[in-house]
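The structure appears below as structure tokens.
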Amino acid sequence: MLDAPTFNINVGSSSSSSRVNSKTRPASDVETYERVKSQLNINENESIIITGAGKGFPIVYVSDGWVDMCGWTKTEACGRGGGINQGEGTNSSTLQRMGKALQEEKACKCQLINYRADGSPFWNIISIFPIKENGSTVLFAGQLQDYSYHLS
């Protein structure tokens with residue numbers, strides 16, 4: 001069973017202020033995130049990333065916990081592709097498995113080597129979940145856990 005934050009996938013419209021910088025992302029992803037963010041049960045201490053469902057999975061939100069773990073600022077991360085932490089040692093077959101799950105709009109959990117903004121590697125367990133609106137996947141949410149200390 002996936003260990004993950006709770007996401008309410010019966011999303012309704014809402015308007016609220018945002019930390020998302022609309023100048024760096026496709027407007028549709030930002031607008032979608034704006035609609036769903038009040039429905040997401042996000043703990044800022046957890047390492048959470050929210051991406052659009054379109055090509056490249058553009059990042060629309062990262063939590064403070066993600067910033068602390070990965071070293072990118074929110075401004076640096078938002079608008080970049082969802083593979084921001086991938087690098088030379090990231091296993092390609094694991095990425096293919098993740099990609100297949102995303103294409104099928106299914107949840108998945110993978111262990112892989114990721115890289116911080118400073119280039120230092122870390123073992124990561126990532127749980128990814130589709131966020132649906134009216135039956136269609138509109139965003140993906142990922143919860144990252146640094147497992148380097150378990151494997152060293």
Side-chain angles (χ1 to χ4, degrees), residues 1-11 20 24-37 39-152:
M1 179 163 218
L2 298 177
D3 178 19
T6 303
F7 298 102
N8 180 349
I9 61 171
N10 297 315
V11 177
V20 175
T24 60
R25 257 156 324 311
S28 59
D29 287 343
V30 173
E31 291 166 6
T32 301
Y33 174 73
E34 286 296 329
R35 277 197 318 277
V36 302
K37 79 174 189 161
Q39 299 295 314
L40 299 173
N41 182 18
I42 295 174
N43 176 339
E44 277 294 317
N45 294 324
E46 292 182 69
S47 181
I48 303 293
I49 183 172
I50 308 290
T51 71
K55 183 176 179 161
F57 305 101
I59 298 169
V60 296
Y61 169 84
V62 293
S63 67
D64 292 340
W66 185 93
V67 169
D68 291 344
M69 178 187 294
C70 298
W72 303 93
T73 67
K74 290 183 181 202
T75 302
E76 291 170 329
C78 288
R80 304 263 317 250
I84 190 172
N85 293 325
Q86 295 169 9
E88 172 182 332
T90 306
N91 185 287
S92 61
S93 64
T94 301
L95 293 178
Q96 288 174 355
R97 189 165 49 94
M98 282 175 40
K100 182 176 184 212
L102 295 175
Q103 286 179 335
E104 295 174 355
E105 300 180 359
K106 294 181 178 178
C108 69
K109 187 173 187 175
C110 300
Q111 176 181 305
L112 68 165
I113 294 175
N114 271 353
Y115 294 84
R116 294 181 174 85
D118 68 5
S120 62
F122 67 101
W123 278 102
N124 172 43
I125 301 287
I126 184 167
S127 302
I128 302 173
F129 305 88
I131 298 174
K132 296 185 182 268
E133 183 175 51
N134 299 323
S136 297
T137 298
V138 293
L139 298 169
F140 285 97
Q143 179 188 33
L144 286 75
Q145 297 174 295
D146 185 345
Y147 271 76
S148 298
Y149 63 94
H150 287 295
L151 301 171
S152 58

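- Summarising the geometry of Val60 relative to Gly52, their closest heavy-atom pair is CG1-N, 4.4 Å, with the distance given to 0.1 Å.
- Side chains of Asn91 and Ser93: a donor on one and an acceptor on the other come within 3.5 Å.
- Here salt bridge (Lys or Arg N to Asp or Glu O under 4.0 Å) pairs that include residues 114-123, with residues two or more places apart or in two chains, are Arg116-Asp146.
- Between the side chain of Tyr61 and the backbone N or O of Lys74 there is no donor-acceptor pair closer than 3.5 Å.
- For the atom pair CD1 (Ile59) and CD1 (Ile84), the distance works out to 4.5 Å, reported to the nearest 0.5 Å.
- Nearest heavy atom pair, residue Ile113 against residue Thr90, reads O-OG1, 2.8 Å.
- To the nearest 0.5 Å, atom OG of residue Ser47 and atom CD of residue Gln143 are 8.0 Å apart.
- Nearest heavy-atom pair across Trp72 and Trp66 is CD1-CH2, 3.5 Å.
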Give every donor-acceptor pair under 3.5 Å between a side-chain atom in residues 97-107 and any protein atom, sequence neighbours left out.
unit_1: Glu105; atom_1: OE1; unit_2: Lys132; atom_2: NZ; d: 3.4
unit_1: Glu105; atom_1: OE1; unit_2: Thr137; atom_2: OG1; d: 3.0

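- Atoms OG and CE, on Ser148 and Met69 in that order, are 8.5 Å from each other to the nearest 0.5 Å.
- In this structure, Asp68 has no side-chain hydrogen bond (donor to acceptor under 3.5 Å, both in side chains) partners at least two apart in sequence or on a different chain.
- For Phe140 and Phe129, the distance between ring centers is not under 6.0 angstrom.
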Exercise. Checking side-chain contact (heavy atoms from CB on, under 4.5 Å) for the pair Cys110/Ile128: CA distance, chi angles, key distance, verdict?
Worked result: CA-CA 9 Å; Cys110 300; Ile128 302 173; over 6 Å; no
